[in-house]
*Asks:* 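Questions regarding the structure given below will be posed in turn.
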Amino acid sequence: MAAENLSKKREKKKSKTVKHSKRHNFKDGSSEDPLGIPSEIAPAQITAKRILDSSKSMQTLLRKKVDPLTAQYFSQIRDSLEDNSIDLESRPIFCSKALRATRGIEVELSTDMIMSHTIETLLDGCELDPLCEFLRSCAEVFPSIALDKCGSRVAEKALKSLSLHLQDEESHSIIGDTLTKICQVVARDAINLMSSIYGSHVLRSLLCLCKGVPLESLEQFHVSKSSIVLAKRLNNHPARQIGKNYESSQLGFENVFKFLIMEILNHAKDEMKNLVCDKCSSFVLQTALKLLVGDDQMMSDAILIILQCHGMNMTKDKSFEVVMKKNVLSLLQDPSATRLLEVIVEVAPDSLYDKLVNEVFKGSMYTTSLQHCGNFVVQALISSSRTCDQAGVMWDEIGPNIRELLDSQKAGVVAALLAACQRLQTHAQECCEALASAVSSKSESLSCIIPHLLFLESYLHGRSCWEWPEDEKMHTLGCLMLQTIFRFPKDFIRPFVNSLKSMNVNCILQIAQDAGGSRVLEAFIRSDVSAKEKQEVISKLQGHFGELSMHPSSSFTVEKCFHASNMTLKEAIAKELRTIQAELSKRKHGPHLLRNLEIDEFAKRPNQWKAQQATKERVRQDFQAIFGSKTKHQKGDAPAHQFSESPKKKRKRHQEIDEETFDDDAKSYGTPSKQGFVGNKHVAKSGYSASGSANTNFIKNPAATSFVANSKKRKSTTNELADLASKKSLSQSDVQKLFETSTQNKGKHLESKKVPFLSRKQKK
């Protein structure tokens, strides 16, 4: 009996110990306490979870203890580096010599809680040759280092230090050999690295390094914030352009990159069904797809492997669409899988994207939009639409259900649909009418449209008894939808314009003070409604411009109001800013606003300031007479007086000016197309002319367009050129701005006059 009781006590004590150790297990399985101190002095056993199947297979990693003499040696090195006893010139040599002493014990040092920090410091300060020697020496155990909590930081520090030498062409060879050796080992253990919370970070950094992505650009290939993703979609950020910046870069190692991608996918394709639902693995696959942009063939192969359709022919295999639809729709309930699907639809080549729209999502877009995770995939699908036909398919399913989507708190889908229709110039009237009816009832007047959208969430919670809230932040998506609406032609946004005009002074002031509402006002000022209507709204802010200019967000609104006003309103704004000039100049944004509005000149010489403003207005009119239509079409920021001109006068003015200075859209300005946008009558819905060639009014890949021009070199607007023309003297920045503009124009002029190459006989 005594022996039985003793054995029971031991089993009970053992079970308590197991329970206690389980409490402190982290995601990587390491049994460490919250301070990060190992629970045992002996070599600790670290388990790394792998979510690969229902059995949740485990892989055990051994963390070896550092020899006491070695620990003492590297402790002395750490002390020498921390007390700054080594001068800057000798530091790289010192770090290089110390790093060579790690040969054979890289795993022990890199995974040690204390020694790993010393190794990071050495990697950060050493020269290239010792750095590559360290990586080649530990290449066979690199996955073990990357899977460890401390070792992963060492691995990432080594890769980042390696990326600093990419600019040196002489170092390209040694870096390429080092990466090749690492990638060969990493590919064999890709599944464990992908599904590790630590290893996945290292693997993503390795992919970026092989592609040649600069150190400062690494963040855009890692996970982005939801707010940034939303802003890019609604501003038509060219998702397919993310990796194109590095497509032809000389900094990358294209062969090594492609080898690593294909090896990862080949090793993972049998487990892909579970990997796409794993958070860490999904991040790795997202990064790989973003980096593959530009290589359509390899991109298609990678997507088909991820969607478990590899080995099937897209065009010949009849069951391809059925299998792909089944696999895609089965992933819509998982958060990690849907994030991966968002990237897939954004970067998919045109042929594959068309199949996703017409074969996979067609007929189920509305039901998918109502899902908690699936609605984000639909947003990405809509934002990535490339042709008017694709947008038409989406509108037919989602457009009639805008009210239901708003009631279901899926405003993101509606915002994406409006942005896509505006970008592709289709269904303009339907968009405006559907949104207006969705936020108003038959018993309410149309003047309530703007207030309801500005406070969309609170309005939807209490439609029947809703009142304008005094101190409440305006709804982000509602403000974004209004910004999109004001980019539509003025004939279709009349209810929204009337609603804004009918609002009282306090409401307009509250809109201008809100970060999102101020952007709505700016969008209204940039729209093509008449100058008289704009000034009617701007005049309601009179007496509050000084108050608004003190806030960073609303100061931009003050500047936009100034440029859109007549001389009387401009003088009123300048007087208000002059009274607070001293206080405003102390704010971070104040000097910029005061300089742009020339308040100092107004305070000293008001008559001369008025003459300058009148001169600027005349210069703007001259610029507008020649470039107004084109500037408005591209930038949407033409001055207010242009909109007051009748279409008949515009057509007459265009006929008097040489046709070569205009695009095709300027020649037929004022002729509405079937979709409700101004443009050529012969433009097909797909954006191509009848002859099959791409029309100049539409970019071949509309996903690469933007509400604001996305050119690398920013083009000067009419207002900016007018301001420069009216100045007495130009500063260095002004001259540089003019020089960049003239250089771009000169390049375009030379391109237009290119002649074919002639042989010697032809020249004679």
Side-chain angles (χ1 to χ4, degrees), residues 26 28 30 32 35-38 44 46 48 61 63-67 70-88 90-166 175 178-179 182 186 193 196-209 213-216 218-219 222:
F26 292 97
D28 64 331
S30 60
E32 299 173 347
L35 297 175
I37 303 173
I46 309 220
L61 299 175
R63 177 180 286 176
K64 297 181 180 180
K65 185 179 179 181
V66 181
D67 181 75
T70 306
Q72 184 180 359
Y73 172 73
F74 280 96
S75 296
Q76 293 174 354
I77 292 174
R78 183 185 67 247
D79 295 339
S80 300
L81 292 171
E82 289 178 353
D83 60 14
N84 296 323
S85 59
I86 304 170
D87 55 63
L88 294 176
S90 305
R91 192 179 180 90
I93 300 173
F94 178 84
C95 291
S96 300
K97 288 182 179 179
L99 198 61
R100 288 190 176 98
T102 63
R103 182 169 295 181
I105 53 174
E106 295 91 353
V107 177
E108 291 88 334
L109 292 171
S110 299
T111 57
D112 186 82
M113 187 67 64
I114 299 173
M115 294 297 108
S116 61
H117 293 288
T118 306
I119 301 300
E120 287 183 52
T121 306
L122 295 175
L123 290 170
D124 195 30
C126 72
E127 298 172 341
L128 177 62
D129 289 339
L131 175 62
C132 292
E133 287 177 12
F134 174 84
L135 287 171
R136 286 198 298 269
S137 176
C138 67
E140 292 298 328
V141 291
F142 189 82
S144 300
I145 295 174
L147 289 169
D148 185 75
K149 180 179 181 179
C150 301
S152 63
R153 296 196 187 104
V154 174
E156 286 206 75
K157 176 62 71 175
L159 295 177
K160 288 180 179 179
S161 299
L162 203 61
S163 68
L164 296 176
H165 299 276
L166 289 177
I175 296 175
T178 304
L179 289 176
I182 292 175
V186 165
L193 285 167
S196 167
I197 190 173
Y198 305 123
S200 61
H201 278 277
V202 178
L203 189 53
R204 279 180 273 169
S205 297
L206 182 60
L207 287 168
C208 292
L209 180 59
V213 178
L215 186 65
E216 62 273 9
L218 285 175
E219 290 185 2
H222 286 259

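All figures in this text were calculated on a predicted structure; none of them were measured in a lab. These values consider heavy atoms only, across backbone and side chains, with no hydrogens, waters or symmetry-generated copies.
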*Asks:* Verify, without hydrogens or angle tests, whether Ser205 (side chain) and His201 (backbone) share a donor-acceptor contact under 3.5 angstrom.
*Replies:* yes

*Asks:* In Å and rounded to the nearest 0.5 Å, what is the OG to CZ distance from Ser80 to Phe94?
*Replies:*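 Result: 4.5 Å between the selected atoms.
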
*Asks:* Apply side-chain contact (heavy atoms from CB on, under 4.5 Å) to Arg78 and list each qualifying residue two or more places apart in sequence or on a separate chain.
*Replies:* Ser75, Glu82, Ile114, Met115, Thr118

*Asks:* Taking only residues two or more places apart in sequence, or in another chain, which ones meet Glu127 in a salt bridge (Lys or Arg N to Asp or Glu O under 4.0 Å)?
*Replies:* none

*Asks:* By side-chain contact (heavy atoms from CB on, under 4.5 Å), which residues pair with Asp67, not counting sequence neighbours?
*Replies:* Leu69, Thr70

*Asks:* Any idea which heavy atoms bring Val202 and Leu159 closest together, and the distance?
*Replies:* O-CD1, 3.9 Å

*Asks:* Could you check if a side-chain atom of Thr111 sits within less than 4.5 angstrom of a side-chain atom of Val154, using non-hydrogen atoms only?
*Replies:*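 When only atoms from C-beta onward are counted, Val154 and Thr111 do not touch, as no gap falls below 4.5 Å.
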
*Asks:* To the nearest 0.5 Å, how far apart are CD in Glu120 and CD in Glu156?
*Replies:* 9.5 Å

*Asks:* Who passes side chain to side chain donor-acceptor pair (under 3.5 Å) against Ser137, sequence neighbours left out?
*Replies:* Glu106

*Asks:* Taking all non-hydrogen atoms of both residues into account, name the closest pair between Phe142 and Leu135 and its distance.
*Replies:*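 Looking at all heavy atoms of both residues, the shortest contact is CE1-CD2, 4.1 Å.
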
*Asks:* Kindly compute the distance separating NZ (Lys97) from OG (Ser90), expressed to the nearest 0.5 Å.
*Replies:* 9.0 Å

*Asks:* Rounded to the nearest 0.5 Å, what separation is found between the CG atom of Leu123 and the OG atom of Ser161?
*Replies:*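 Going from CG on Leu123 over to OG on Ser161, the span is 6.0 Å.
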
*Asks:* For a side-chain contact (heavy atoms from CB on, under 4.5 Å) with Leu131, tell me which candidate from Leu162, Leu122, Asp124 qualifies.
*Replies:* Leu162

*Asks:* Not counting sequence neighbours, which residues clear side chain to side chain donor-acceptor pair (under 3.5 Å) with Arg100? List them please.
*Replies:*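 Expected list: Glu133.
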
*Asks:* Can you name the residues that form a side chain to side chain donor-acceptor pair (under 3.5 Å) with Thr178, not counting sequence neighbours?
*Replies:* Arg136

*Asks:* Starting at CG of Leu128, measure out to OG of Ser96 and round the result to the nearest 0.5 Å.
*Replies:*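 Reported to 0.5 Å precision, the distance equals 9.5 Å.
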
*Asks:* Which heavy atom of Arg91 sits nearest a heavy atom of Thr121, and at what distance?
*Replies:*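 Distance-wise, the nearest heavy atoms are NH2-CG2, 3.9 Å.
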
*Asks:* To the nearest 0.5 angstrom, please state how far the CG atom of Leu193 sits from the CZ atom of Arg204.
*Replies:*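 Atom-to-atom, Leu193:CG and Arg204:CZ are 12.0 Å apart.
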
*Asks:* Closer than 3.5 angstrom, by distance alone: can the side chain of Ser152 be matched with the main-chain N or O of Lys149 as a donor-acceptor pair?
*Replies:*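 A pair under 3.5 Å: yes.
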
*Asks:* Quick one: does Thr102's side chain have a donor or acceptor within less than 3.5 Å of a partner on Leu99's backbone?
*Replies:*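 Here the side-chain-to-backbone pair exists.
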
*Asks:* Could you go through Val66 and Phe74, starting from their C-alpha distance and side-chain angles, then the distance that decides it, and tell me whether this counts as side-chain contact (heavy atoms from CB on, under 4.5 Å)?
*Replies:* CA-CA 10 Å; Val66 181; Phe74 280 96; over 6 Å; no

*Asks:* Can you list the residues that meet the side-chain contact (heavy atoms from CB on, under 4.5 Å) rule with Ala139, with sequence neighbours excluded?
*Replies:*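 side-chain contact (heavy atoms from CB on, under 4.5 Å) check on Ala139 returns Lys181, Ile182.
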
*Asks:* Can you list the residues that meet the salt bridge (Lys or Arg N to Asp or Glu O under 4.0 Å) rule with Glu108, with sequence neighbours excluded?
*Replies:* none

